[in-house]
2 protein chains.
Amino acid sequence: MKNKDYKILLVDDEADVLDMLEAILTKEKYTVLRIGNGEDALRIAEENKPHLIILDVMMPGLDGIETCKEMKTISSLHKSIIVFLTARGEDFSQIAGFDAGADDYIVKPINPRLLVRRVKALLRRFTYFEDTFDKKIVGDIVIYKEKYMVVHNDEEIILPRKEFELLWLLVSKVNKVFTRHEIFSTIWGQTLSSERTMDVHVRKVREKLKIENIKTVKGVGYKFEV
Amino acid sequence: MKNKDYKILLVDDEADVLDMLEAILTKEKYTVLRIGNGEDALRIAEENKPHLIILDVMMPGLDGIETCKEMKTISSLHKSIIVFLTARGEDFSQIAGFDAGADDYIVKPINPRLLVRRVKALLRRFTYFEDTFDKKIVGDIVIYKEKYMVVHNDEEIILPRKEFELLWLLVSKVNKVFTRHEIFSTIWGQTLSSERTMDVHVRKVREKLKIENIKTVKGVGYKFEV
DNA sequence: TGTTTACATTAAGACAACATTAAGATTTCA
DNA sequence: TGAAATCTTAATGTTGTCTTAATGTAAACA
């Protein structure tokens, strides 16, 4: 697993802290999400299932401790590592932090080299259980959205973006016939000169997955049949 | 599919936990079944095929894990989603739970808002299953617009575009006589040289569906009669 | 009852819609 | 930046759908 495959969520109300953290971590090629308050953080976290969440303790509204507690009740986040960001000397919040279920804390002011090393160490945990991804089982294939990957007959197939999006769309409602227009507007967004582009992508998916599930409905569109 | 169409089975030995869950979920209009132990839960589940089953891990007699494993062997329940109810910190049961085939878990104490959100998210899976399609039942045929498909006597019939559109039009107002002109302009858009084209399509639909419902009204047009 | 009009039936050819392939343009990533 | 992968285009092949036209049948009318 490469750095860019790790998602790190930064939560802080101070934009310059976020800027700094983001700068350091994107330089290391991590995928960084940032948000300015606890409420939004909960939503974003649930949607994105970050591997690591860096939470500032002191925030207006929902503070770090509360946000952390809430996060711990969200089962899809049970594998996410939560780290507090705290000003030096805030002993109390460190203890309350561990109570709330945090895994570690980082002291401000931030030392870039230390931060990177710490993040790296924490993320190493994920090496042990790779399987933290959403999967969707349709017919005899398994689709991993975050990995853009499909497993069929124990074979792992990585699909390029467009091909994967196409498959994902069709599979989002199995047996439904998606019109060519629906597909175009969802995946290409109307502007496309050649009508054939879509056919080619359909072909690629059929070919790579070696499945017969994608059916053509002439004059209408395509469907994924089970 | 509306909330009341979803059946949720609650299994816990503590009545007050059941009370709380039931209160939250019935407020959201879900159809709720409750039961106090694993043995009965198996029977009730098999009889009712709930969409979602919330199982307390710690129960006297058959515990949650065992109940879950048993449920997984009942084929009529293989579409049911199973969620564990677990006290915070019961790490082991979480892992054993996933081993047993659970889809998610919920941590006590229960946060009503989170519970509702979670349940909603989990039930969304049923989007993938058959019965979420809009169907129109006319006479003894069932028409699935999204699938471009008609079912008659357990036989699935796929109609080509024009034929399906014709059927769909007639069926859009059962017993109404659509004039030939109406039909032409709706499906062909005025320009068509041969008057016979329509007859041929009507014939194809009658033939493929093996129904007598499409009646000719001489000098006027056609109707779908029930 | 014959004649007309309107639709039914059939089969074959025209056509539109999609499949396929390969090559060129573009993006991505080391 | 250059190689590799992805995406798009274009040219050509294939197939099922649609249309046409020729002929048959039933109701309506005189």
Side-chain angles (χ1 to χ4, degrees), chain A residues 1-5 26-31 147-150 157-170 177-184 186-223 225, chain B residues 148-150 157-170 177-184 186-223 225:
Chain A
M1 204 147 151
K2 291 168 189 164
N3 280 4
K4 74 174 177 61
D5 297 325
T26 52
K27 200 177 159 205
E28 296 292 315
K29 311 276 186 223
Y30 290 109
T31 300
K147 297 204 238 179
Y148 277 71
M149 192 184 82
V150 182
I157 303 141
I158 307 264
L159 294 179
R161 199 178 81 235
K162 288 255 167 4
E163 289 166 33
F164 188 90
E165 283 174 357
L166 175 64
L167 176 66
W168 190 256
L169 175 64
L170 293 181
V177 179
F178 289 84
T179 64
R180 301 194 125 243
H181 181 263
E182 274 179 293
I183 299 175
F184 267 123
T186 307
I187 295 178
W188 282 272
Q190 54 268 40
T191 51
L192 194 65
S193 54
S194 170
E195 273 277 307
R196 301 279 64 76
T197 302
M198 202 169 97
D199 315 14
V200 174
H201 281 84
V202 169
R203 188 183 179 284
K204 288 257 160 96
V205 176
R206 282 173 171 156
E207 187 179 62
K208 288 187 186 170
L209 300 196
K210 297 190 270 295
I211 53 170
E212 326 272 275
N213 300 304
I214 299 175
K215 306 286 185 190
T216 305
V217 180
K218 265 204 165 181
V220 190
Y222 296 93
K223 66 173 166 173
E225 199 176 78
Chain B
Y148 267 77
M149 194 186 79
V150 182
I157 302 140
I158 307 263
L159 296 178
R161 199 179 78 226
K162 286 252 167 11
E163 289 166 32
F164 188 90
E165 284 174 357
L166 174 64
L167 175 66
W168 190 255
L169 175 64
L170 294 180
V177 180
F178 289 84
T179 65
R180 301 193 125 245
H181 181 264
E182 273 180 295
I183 298 175
F184 268 124
T186 307
I187 294 177
W188 282 271
Q190 53 268 39
T191 52
L192 195 65
S193 54
S194 170
E195 272 278 306
R196 300 279 64 74
T197 301
M198 202 169 96
D199 314 15
V200 174
H201 280 85
V202 169
R203 188 185 179 283
K204 286 258 163 92
V205 176
R206 283 171 171 158
E207 185 179 63
K208 288 188 184 168
L209 300 196
K210 297 191 271 292
I211 53 169
E212 325 275 281
N213 303 51
I214 299 175
K215 306 289 185 188
T216 304
V217 181
K218 267 206 163 181
V220 190
Y222 295 93
K223 65 171 168 174
E225 198 176 78

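Order of the sequence lines fixes the chain letters, A, B, ..., with proteins taken first and strands second; residue numbering starts at 1 for each chain.
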Discussion item. Taking atom NZ as the centre, does Lys215(B) end up with more than 12 heavy-atom neighbours from other residues, nucleotides or ligands that are less than 6.0 angstrom away?
Written reply: yes
Discussion item. Within the supplied structure, the quantity of interest is the number of heavy atoms (other residues, nucleotides, ligands) at a distance under 6.0 Å from Glu207(B) CD; does it exceed 12?
Written reply: yes
Check the distance between [N]'s [atom2] and [X]'s [atom1] and give it to me in whole angstrom.
X	N	atom1	atom2	answer
Ile187(B)	dC18(D)	CD1	P	10 Å
Met198(A)	dA17(C)	CE	P	13 Å
Ile183(B)	dT19(D)	CD1	P	14 Å
Lys162(A)	dT28(C)	NZ	C1'	13 Å
Tyr148(A)	dT28(C)	OH	P	12 Å
Glu165(A)	dT8(D)	CD	P	11 Å
Glu195(B)	dT5(C)	CD	P	15 Å
Leu159(A)	dT6(D)	CG	P	9 Å

Which nucleotide sits closest to the side chain of [X]: [options]?
X	options	result
Glu163(A)	dA19(C), dC7(D), dT10(C)	dC7(D)
Arg196(A)	dC18(D), dC18(C), dA11(C)	dC18(C)
His201(B)	dC7(C), dC7(D), dT19(D)	dT19(D)

Atom pair [atom1] ([X]) and [atom2] ([Y]), whose distance is rounded to the nearest 0.5 Å:
X	Y	atom1	atom2	value
Ile183(A)	Met198(A)	CD1	CE	4.0 Å
Ile187(A)	Glu163(A)	CD1	CD	10.5 Å
Leu167(A)	Ile211(A)	CG	CD1	6.5 Å

Taking only side-chain N and O atoms of [X], does any of them lie within less than 4.0 angstrom of OP1 or OP2 on [N]?
X	N	answer
Thr197(B)	dT20(D)	yes
Thr216(B)	dA8(C)	yes
Tyr222(A)	dA19(C)	yes
Arg161(A)	dT6(D)	no
Trp188(A)	dC7(D)	no
Arg206(A)	dA19(C)	yes

Discussion item. Could you check whether the side chain of Lys218(A) and the base of dT15(D) have a donor-acceptor pair of N or O atoms closer than 3.5 Å, going by distance alone?
Written reply: yes
Practice prompt. Quick one: sort the Tyr148(A) and Phe164(A) rings into parallel, tilted or perpendicular, breaks at 30° and 60°.
Written response: tilted
Worksheet item: Does the pair Asp199(A)/Arg180(A) count as a salt bridge with the N-to-O cut at 4.0 Å?
Response: yes
Practice prompt. Under 4.0 Å from any atom of DNA chain C, heavy atoms only: list the residues of residues 207-214 of chain A that qualify, in numerical order.
Written response: none
Item to complete: Might you point out which heavy atoms bring Met149(A) and Ile158(A) nearest each other, and give the distance in Å?
Response: CG-CD1, 4.0 Å
Worksheet item: At under 4.0 Å between heavy atoms, what does Val200(B) touch on the DNA or RNA strands: base, sugar-phosphate, or nothing?
Response: base
Discussion item. Please compare Arg180(B) and Lys204(B) by the position of their nearest nucleotide in DNA chain C and report the one closer to 5'.
Written reply: Arg180(B)
